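Small disclaimer: the values here were computed from a predicted structure and weren't measured. Starting from 1, each residue takes its place in the sequence as its number.
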Amino acid sequence: MFSISFRLLIAALALFFSAYPSSACRKLHVISEVIHGPIANCRLCVGFQDTCVYSDDSGDIAIAFPIADSARHTLSAAGFKDTVLTIDAVRTDSFTVVMRTCEIANQPLEIVVTAPMTKCKGNGYRQSSVSFTPDELKTKAGTVEDIGRYIGTLPSVVSSLSAGFDNTFFVRGGRPSENIFLIDGIEMENINHFSQANGSGGPIGFVNTNNVKTVQFYAGDMPVRYPSKMSSVADISMKSGSLHEAGQTIGCELTGGIISAEGPLIPGRSSYALSGRYIDFTPLRRFITDAGVPKLGDLYGKIFVLGNDDLDLSATGILSYNRYRYTYPIVLAADNGSLFFNSLNQNETILQGGAGVSAHYTKGPVTHEAHLAFSFRNGNKADSLSS
């Protein structure tokens with residue numbers, strides 16, 4: 001009796017766990033609305049990112065990558081109308097999507113969801129880059145919301161925090177000048193205040209984390225669309241303003257403040273985003289005797305225009321200014337040959353920034369990007385700077 005009950009218990013547990021849907025990954029089954037058969041080589045991509053998976057001959061796609069909240073996934077195949085999915089809204093581990101052909105693309109899309117039992121194992125794609133968000137920049141210990149310091153914590157990167165607090169980093173043994181930063185397609189030498197020429201860091205970043213959308217960091221397998229660099233590429237995508245609601249933020253403190261504004265230009269079609277920061281320690285100069293007094297500020301602006309479902313345009317501008325005023329003792333000789341002590345005041349200034357326009361056009365499974373940008377950097381007495 002005990003043996004029969006034990007076998008019944010094992011069978012019941014096996015039946016329970018086989019019926020419970022696996023959360024390890026999800027399986028998507030793609031079929032044609034005309035022949036109700038599977039669609040092979042159908043591509044599922046996450047937005048404009050380089051993360052895509054493909055269906056097999058049975059029309060099955062194993063979605064093994066993490067699903068971000070409200071992430072838009074594009075499903076595309078030759079001869080079929082693209083379908084946009086929000087997978088996190090689907091509460092099942094396995095579901096079916098019916099794709100319509102291009103001839104009836106103007107009719108409303110119909111998505112049929114079913115949930116047969118299935119389990120998936122393993123990864124279905126190869127990750128060639130590291131992507132991180134502003135929330136990760138704010139929570140990573142020791143990064144103080146600086147993109148350069150966060151990159152310094154990644155594999156294949158060695159960060160150097162020298163006496164000058166330059167925070168330069170070396171990727172795969174390359175020089176600091178072999179790293180490139182792109183801000184909405186604007187090629188920048190580096191993205192930090194008080195940074196050294198041909199370097200990759202500085203004491204504090206001039207890209208406000210609150211304006212960052214995502215950062216894609218490539219330390220290998222760099223896509224050919226990026227400028228040629230030996231070590232790494234950091235592609236920084238900036239946020240656009242809201243297309244429907246306006247908002248403003250202002251903050252003040254003893255040494256400076258921050259102000260930002262965003263909202264629609266044409267509701268539902270275009271938007272703007274503006275922000276600026278300013279910090280000046282000059283009021284504290286009377287209390288500072290053995291150190292320099294910094295002054296810094298940065299500006300960011302972006303205009304976004306939604307042309308249609310396939311085309312969007314944007315214009316981005318960024319500007320950084322910093323001055324470091326310091327005094328150091330010197331020894332001078334009088335006319336009679338006696339020596340006396342004096343002091344010498346010095347100002348180090350750096351002005352850098354850039355502007356550019358970008359266009360994204362999506363047709364079927366292919367996305368085309370075009371960027372036209374200009375950047376500059378100059379200053380005096382800081383590090384033999386030249387434009």
Subject >> Y321 reachable from I258 in the ILVMFWY side-chain graph, under 4.5 Å edges >> reply: no
**OP:** Examine V215 and V130 and state if one hydrophobic cluster contains both, with Ile, Leu, Val, Met, Phe, Trp and Tyr joined whenever side-chain heavy atoms are less than 4.5 Å apart.
**Re:** yes
Original post:
Should T133 and V212 count as side-chain neighbours, where that means a heavy-atom distance under 4.5 Å?
Top reply: no
Original post:
What distance do D82 atom CG and R100 atom CZ have between them, rounded to the nearest 0.5 Å?
Top reply: 14.5 Å
Original post:
Any chance CG of D309 has more than 12 other-residue heavy atoms, nucleotides or ligands included, within less than 6.0 Å?
Top reply: no
**OP:** State, to 0.1 Å, how close Y300 and T316 come at their nearest heavy-atom pair, and which atoms those are.
**Re:** CE1-CG2, 3.9 Å
**OP:** Please indicate whether F340 has more than 12 foreign heavy atoms, meaning atoms of other residues, nucleotides or ligands, lying under 6.0 Å from its CZ.
**Re:** yes
Subject >> D235 and T214: CA distance, side-chain angles, deciding distance, side chain to side chain contact (heavy atoms under 4.5 Å, CB included) verdict >> reply: CA-CA 8 Å; D235 190 352; T214 58; over 6 Å; no
**OP:** Compare all side-chain heavy atoms of V366 with those of H368 and state whether any distance is below 4.5 angstrom.
**Re:** yes
Original post:
Is the shortest heavy-atom distance from the side chain of F169 to the side chain of P176 under 4.5 Å?
Top reply: no
**OP:** Examine the side chains of S275 and N208 and answer whether a donor and an acceptor come within less than 3.5 Å of each other.
**Re:** no
Subject >> Hphob cluster co-occupancy, L313 + V357, side-chain heavy atoms under 4.5 angstrom >> reply: no
Original post:
Are the side chains of S314 and S358 in touch, meaning some heavy atoms are under 4.5 Å apart?
Top reply: yes
Original post:
Do you know which two heavy atoms are closest between V98 and S32, and how far apart they sit?
Top reply: CG1-C, 4.3 Å
Original post:
Hey, are the side chains of N211 and K239 touching, using non-hydrogen atoms and a 4.5 Å cut-off?
Top reply: no
Subject >> Test side chain to side chain contact (heavy atoms under 4.5 Å, CB included) applied to F132 and I151, step by step >> reply: CA-CA 10 Å; F132 50 96; I151 291 175; 4.1 Å; yes
Original post:
Just how far is it from atom CE of M222 to atom OG of S232, taken to the nearest 0.5 Å?
Top reply: 7.0 Å
Original post:
Should we count CZ of R172 as having more than 12 external heavy atoms under 6.0 Å?
Top reply: yes
Original post:
About how many Å separate NE2 of H29 and CD1 of I61, when rounded to the nearest 0.5 Å?
Top reply: 10.5 Å
**OP:** Just jot down the ring pair (Phe, Tyr, Trp, His ring centres under 6.0 Å) partners of F304, sequence neighbours excluded, or say none.
**Re:** none
**OP:** Please work out whether the ring planes of Y218 and Y226 are parallel, tilted or perpendicular, with thresholds of 30° and 60°.
**Re:** tilted
Original post:
Does the T209 side chain pair with the main chain of K138, one donor and one acceptor, at a distance under 3.5 Å?
Top reply: no
Original post:
If every non-hydrogen atom of N308 is compared with every non-hydrogen atom of L311, which pair is closest and at what distance?
Top reply: OD1-N, 2.8 Å
**OP:** Identify the two heavy atoms, one from G59 and one from S55, that lie closest to each other, and give their separation to 0.1 Å.
**Re:** C-CB, 3.9 Å
Original post:
Hey, does V30 have a side-chain heavy atom less than 4.5 Å from the side chain of L44?
Top reply: no
**OP:** Tell me whether I303 is reachable from I318 by hopping between hydrophobic residues (I, L, V, M, F, W, Y) whose side-chain heavy atoms are closer than 4.5 Å.
**Re:** no
Original post:
Would you find more than 12 non-hydrogen atoms of other residues, nucleotides or ligands less than 6.0 Å from E136 atom CD?
Top reply: yes
Original post:
What pair of heavy atoms forms the shortest contact from A77 to M99, and how long is it?
Top reply: N-CE, 4.2 Å
**OP:** Determine whether L28 and V53 make a side-chain contact, defined as any pair of heavy atoms from C-beta on separated by less than 4.5 Å.
**Re:** no
**OP:** Over all heavy atoms of both residues, which pair between V207 and M238 is shortest? Give the atoms and the distance, please.
**Re:** CG1-CE, 3.9 Å
**OP:** Decide side chain to side chain contact (heavy atoms under 4.5 Å, CB included) for T74 and T362; before the verdict, give the C-alpha distance in whole Å, the side-chain angles of both, and the deciding distance to 0.1 Å.
**Re:** CA-CA 11 Å; T74 302; T362 303; over 6 Å; no
Original post:
Does one side chain, of N322 or Y324, offer a donor that lies under 3.5 Å from an acceptor on the other?
Top reply: no
Original post:
R269 side chain to L306 main-chain N or O, any donor-acceptor pair under 3.5 Å?
Top reply: yes
**OP:** Report yes if some heavy atom in the side chain of S195 is under 4.5 Å from a heavy atom in the side chain of Q352; otherwise report no.
**Re:** yes
Original post:
Is it true that atom CD1 of I266 has more than 12 heavy atoms of other residues, nucleotides or ligands lying nearer than 6.0 Å?
Top reply: no
Subject >> Inter-residue atom distance R277.CZ - L299.CG, 0.5 Å rounding >> reply: 10.5 Å
Subject >> Donor + acceptor pair across side chains of D146, N192 (<3.5 Å) >> reply: yes
Original post:
What is the distance from atom CG of D184 to atom OG of S240, rounded to the nearest 0.5 Å?
Top reply: 7.5 Å
Subject >> Spacing of CD1 belonging to I204 relative to CZ belonging to R149, to within rounding of 0.5 Å >> reply: 8.5 Å
**OP:** Check whether L351 and F374 end up in the same hydrophobic cluster, where Ile, Leu, Val, Met, Phe, Trp and Tyr are linked by side-chain heavy atoms less than 4.5 Å apart.
**Re:** yes
**OP:** Check the side chains of N336 and S338 for a donor-acceptor pair under 3.5 angstrom, ignoring hydrogens and angles.
**Re:** yes
Original post:
Sequence neighbours excluded, which residues qualify as ring pair (Phe, Tyr, Trp, His ring centres under 6.0 Å) partners of F206?
Top reply: H193
**OP:** Go through the steps for C42 and L75 under the test side chain to side chain contact (heavy atoms under 4.5 Å, CB included), then give the verdict.
**Re:** CA-CA 7 Å; C42 183; L75 191 64; 3.5 Å; yes
